[in-house]
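To start, the structure itself, in structure tokens.
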Amino acid sequence: MGRVKEGEGRPTNCKGCKKRLSIKKWYYRDGFYFCSKRCWSKSKDKVREEVEKAREEREKAKQEEAQKAAEDVVSEIEEVSEVVDETQEVEVEVKEETPEVATGIEETKEEGEVVKAKEEVEEESISEEVQKVSKVEIEEDVENKVESDQIVEESKEEESLDAETVETKEKAPEVAAETEETKEEGKVVSDSEAQDKKEE
């Protein structure tokens, strides 16, 4: 900032106290212009203090990070030790329970075989009952079909008889009219024959 670059003139203000530099009096050190030697030493002390503060802050930050990492590692180790303790306790319990479990497994196997045998017997009896029921149902279905066929045939016969009776009723007036016509023709014929005999 206060350093003079090539091709530029000297700055007008002091690097340390920011006062205006006089034309005759000024102090140049480390590439910067100061108003006096005392101002240069003060600015040097300030820079030193700032550097030390920065160092201390960095060290504190590093220490805090290290403490956090250590705490995390300790907590992880405690969790792992708890898990290991629990697994050991479980292993001990399992070892103690293994004979009981073995006997329990054998008992469950025997019970399973008994249950399977019962299920097979029940399935066989059920299948036999189903077969009997299916035979009875088939016979009933056949009988019902035969009866329904007979009923259909009877109904067809009744319908044909009804149709014939209707036709005969419709034809009855025509037949009566024809018989009357034939009677009249017969009378006319008999009258004409009688006249012919009289004429002879």
With rounding to the nearest 0.5 angstrom, report the OG1 to CD distance, T87 to E82.
11.5 Å
Give me each pair satisfying salt bridge (Lys or Arg N to Asp or Glu O under 4.0 Å) with a member in residues 32-49, each pair once, sequence neighbours excluded.
D45-R48
How close do R29 and W40 get, counting heavy atoms only, and between which atoms?
CB-NE1, 3.3 Å
Smallest heavy-atom separation, C17 atom then C39 atom, equals N-SG, 3.5 Å
Residue pairs passing the salt bridge (Lys or Arg N to Asp or Glu O under 4.0 Å) test where at least one lies in residues 56-75, sequence neighbours excluded:
none
CG-OG distance between N144 and S148, expressed to the nearest 0.5 angstrom:
7.5 Å
Which residues satisfy the side-chain contact (heavy atoms from CB on, under 4.5 Å) test with Q88, sequence neighbours excluded?
V84, D85
How long is the straight-line distance from OH of Y33 back to CG of N13, given to the nearest 0.5 Å?
13.5 Å
